[in-house]
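This structure is a prediction, so every number in the text was calculated from the model and none was measured.
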Amino acid sequence: MAAVDSKHQIVLDAKAYGQGQEHDLLEPMIEGVKAIFAKAPASSQEATKQAKVTADSGYHNRKSVEYIEEEGIDAYLADTGFRSRDPRFKDYDKHKPKERLKPKERFTQDEFTLDTKAKSCRCPASHMMWLKAEKAKIDPSYFISFQGYEKTCGECSLRKRCLRKERQTTPRQFNVKLSATEGSKNDALARMREKIDSEQGRHIYSQRLGTVEPVFGHITDAMGIKRFTLRGKKKVDGQWKLMMALHNLLKIHRYGWCWE
Ligand code: SF4
């Protein structure tokens with residue numbers, strides 16, 4: 001992992017944690033940066049208090065979002081649904097090879113005829129579905145839930161486009177979001193979603209890609225370091241820090257000492 005500044009792409013802190021999942025690593029990374037800046041002049045410490053933090057959905061979980069709030073950090077953490085809520089990415093996969101579109105070839109919500117007042121639903125094959133739950137709570141939202149009948153779904157010629165798997169033995173379930181749950185309206189995750197979905201949030205988060213990814217590109221492609229040559233967490237961590245130090249030295253060498 002690496003924490004990178006957006007202005008000069010200098011790595012502020014780096015550590016190899018030796019684990020595949022990143023969910024719980026945001027807090028130690030931020031604390032690591034804080035510890036480094038604790039030794040810096042007061043003006044630099046002040047600047048870090050105003051810094052904005054962006055991190056991808058790999059770091060998003062309740063614990064990290066609550067930590068961010070408690071610490072008063074102005075952070076923008078994407079969740080896994082962030083792109084799908086962003087209208088700018090509506091057609092993002094239209095140029096992908098056809099076979100990768102298969103999950104999206106399932107019937108969409110618009111192809112079901114729903115009447116929330118009458119609490120009824122007709123599936124794309126024009127069969128009535130039965131009301132499974134009027135208000136099911138699947139945090140952070142309430143849903144109205146319908147299900148197809150075993151017999152009709154079992155014999156349906158449209159199963160391939162309707163069910164997750166063609167061989168699925170359970171009938172189609174269809175959930176429609178009604179509203180956010182009461183708890184979620186006052187919830188750290190909901191607040192983060194609202195923040196990152198705002199125009200300003202999307203703009204700030206969009207800088208993440210051009211900040212951190214070029215550092216990895218620089219190390220692997222420009223400097224030609226494509227793999228670790230040592231084994232063991234401690235040695236790999238040391239090698240990772242060396243790579244980052246090398247990246248920083250090259251940046252400083254090119255900028256000189258006159259940057260702001
Ligand atoms: S699989 Fe079931 S729910 Fe889906 S279209 Fe066929 S009958 Fe309707």
Side-chain angles (χ1 to χ4, degrees), residues 1-41 44-45 47-48 50-61 63-65 67-68 71 73-80 82-83 89 92-93 95-97 100 196 202-260:
M1 274 185 59
V4 182
D5 100 300
S6 65
K7 192 169 183 186
H8 298 293
Q9 290 174 336
I10 289 288
V11 178
L12 304 172
D13 191 21
K15 186 166 176 159
Y17 286 89
Q19 63 184 68
Q21 294 287 321
E22 298 160 330
H23 287 110
D24 53 349
L25 297 182
L26 189 71
E27 183 177 338
M29 201 77 229
I30 290 177
E31 291 301 322
V33 173
K34 277 188 188 170
I36 288 167
F37 275 87
K39 298 169 203 153
S44 298
Q45 288 184 33
T48 58
Q50 286 154 31
K52 298 186 190 315
V53 174
T54 60
D56 67 28
S57 58
Y59 299 93
H60 181 276
N61 68 5
K63 198 167 153 252
S64 297
V65 175
Y67 159 77
I68 290 288
E71 293 294 311
I73 298 167
D74 188 11
Y76 298 80
L77 260 66
D79 57 277
T80 49
F82 169 63
R83 288 276 182 250
F89 288 85
Y92 82 101
D93 57 358
H95 297 300
K96 282 189 180 173
R100 296 181 71 180
I196 203 163
R202 283 179 181 146
H203 171 69
I204 290 168
Y205 183 76
S206 69
Q207 294 170 42
R208 190 204 71 84
L209 199 67
T211 297
V212 69
E213 302 301 341
V215 173
F216 302 135
H218 183 221
I219 289 164
T220 54
D221 290 319
M223 287 166 31
I225 307 171
K226 297 198 186 289
R227 58 176 65 87
F228 293 102
T229 53
L230 300 175
R231 293 290 173 265
K233 197 168 145 187
K234 204 172 165 188
K235 290 181 189 170
V236 168
D237 183 44
Q239 206 171 14
W240 183 234
K241 286 183 166 70
L242 267 178
M243 290 177 198
M244 297 299 151
L246 195 51
H247 163 86
N248 281 354
L249 285 171
L250 280 168
K251 283 274 174 187
I252 293 166
H253 170 69
R254 284 187 192 126
Y255 277 116
W257 290 102
C258 56
W259 66 21
E260 289 176 3

Chemist: A side-chain contact here means heavy atoms from C-beta on lying under 4.5 Å apart; do Glu213 and Arg208 qualify?
Modeler: yes

Chemist: His8 and Ile252: side chain to side chain contact (heavy atoms under 4.5 Å, CB included), yes or no, with the steps?
Modeler: CA-CA 9 Å; His8 298 293; Ile252 293 166; over 6 Å; no

Chemist: Testing the basics here: between Met223 and Met243, what is the closest heavy-atom pair and its distance to 0.1 Å?
Modeler: CE-O, 4.0 Å

Chemist: Can you find a pair of side-chain heavy atoms, one from Ile30 and one from Asp13, that are under 4.5 Å apart?
Modeler: no

Chemist: Go through it in stages, so that I can follow the logic: the residues are Leu26 and Lys63, the test is side chain to side chain contact (heavy atoms under 4.5 Å, CB included), and I'd like the CA-CA distance, side-chain angles, deciding distance and then a yes or no.
Modeler: CA-CA 10 Å; Leu26 189 71; Lys63 198 167 153 252; over 6 Å; no

Chemist: Please give me the minimum heavy-atom distance between Leu209 and Pro214, naming the atom from each residue.
Modeler: O-CD, 3.3 Å

Chemist: Can you tell me if Glu22 uses its side chain to pair, donor with acceptor, with the backbone of Ser57 under 3.5 Å?
Modeler: no

Chemist: Checking side-chain hydrogen bond (donor to acceptor under 3.5 Å, both in side chains) for the pair Tyr76/Gln207: CA distance, chi angles, key distance, verdict?
Modeler: CA-CA 11 Å; Tyr76 298 80; Gln207 294 170 42; over 6 Å; no

Chemist: What are the two closest heavy atoms between Ala3 and Met29, and how far apart are they?
Modeler: N-CE, 3.7 Å

Chemist: Would you say the side-chain atoms of Glu27 and Tyr59 include a donor-acceptor pair closer than 3.5 Å?
Modeler: no

Chemist: Answer whether the closest heavy-atom distance between the side chains of Val11 and Lys251 falls below 4.5 Å.
Modeler: no

Chemist: Flag the pair Thr80 / His60 as yes when at least one side-chain heavy-atom distance between them is below 4.5 Å, and no otherwise.
Modeler: no

Chemist: Identify whether NZ of Lys or CZ of Arg in Lys15 sits under 6.0 Å from the centre of the six-membered ring of Tyr17 and within 45° of that ring's axis.
Modeler: yes

Chemist: If you measure from CD1 on Ile204 to NZ on Lys52, what distance do you get to the nearest 0.5 Å?
Modeler: 4.5 Å

Chemist: Which is it for Glu71 and Lys34 under the side chain to side chain contact (heavy atoms under 4.5 Å, CB included) test, yes or no, and what are the steps along the way?
Modeler: CA-CA 12 Å; Glu71 293 294 311; Lys34 277 188 188 170; 2.7 Å; yes

Chemist: Identify the two heavy atoms, one from Met244 and one from Phe216, that lie closest to each other, and give their separation to 0.1 Å.
Modeler: CE-CE2, 4.2 Å

Chemist: Looking only at side-chain N and O atoms, does Asp74 offer a donor or acceptor that is under 3.5 Å from a partner on Gln50?
Modeler: no

Chemist: Judged by modelled atom types alone, do Gln239 and Thr229 share a side-chain donor-acceptor pair under 3.5 Å?
Modeler: yes

Chemist: Is Leu77 close to Asn61 at the side-chain level, that is, under 4.5 Å between some pair of heavy atoms?
Modeler: no

Chemist: If every non-hydrogen atom of Leu230 is compared with every non-hydrogen atom of Val236, which pair is closest and at what distance?
Modeler: O-CG2, 3.6 Å

Chemist: Mind checking whether Lys226 and Asp221 have side chains closer than 4.5 Å, heavy atoms only?
Modeler: yes

Chemist: Under a 4.5 Å cut-off applied to non-hydrogen side-chain atoms, are Tyr67 and Glu31 in contact?
Modeler: yes

Chemist: Is it true that a side-chain atom of Asp5 and a backbone atom of Ile10 form a donor plus acceptor pair closer than 3.5 Å?
Modeler: yes

Chemist: How many angstroms lie between atom CD1 of Ile219 and atom CD1 of Ile225, to the nearest 0.5 angstrom?
Modeler: 6.5 Å

Chemist: Mind checking ring pair (Phe, Tyr, Trp, His ring centres under 6.0 Å) for Phe82 and listing every partner two or more places apart, or none if nothing turns up?
Modeler: Tyr205

Chemist: Go through the steps to decide whether Thr54 and Thr211 satisfy the test side chain to side chain contact (heavy atoms under 4.5 Å, CB included), and finish with yes or no.
Modeler: CA-CA 10 Å; Thr54 60; Thr211 297; over 6 Å; no

Chemist: For the pair Trp240 (side chain) and Met1 (backbone), establish whether a donor and an acceptor sit closer than 3.5 Å, ignoring hydrogens and angles.
Modeler: yes

Chemist: Could you tell me whether Asp237 and Lys241 have a side-chain N and a carboxylate O separated by less than 4.0 Å?
Modeler: yes

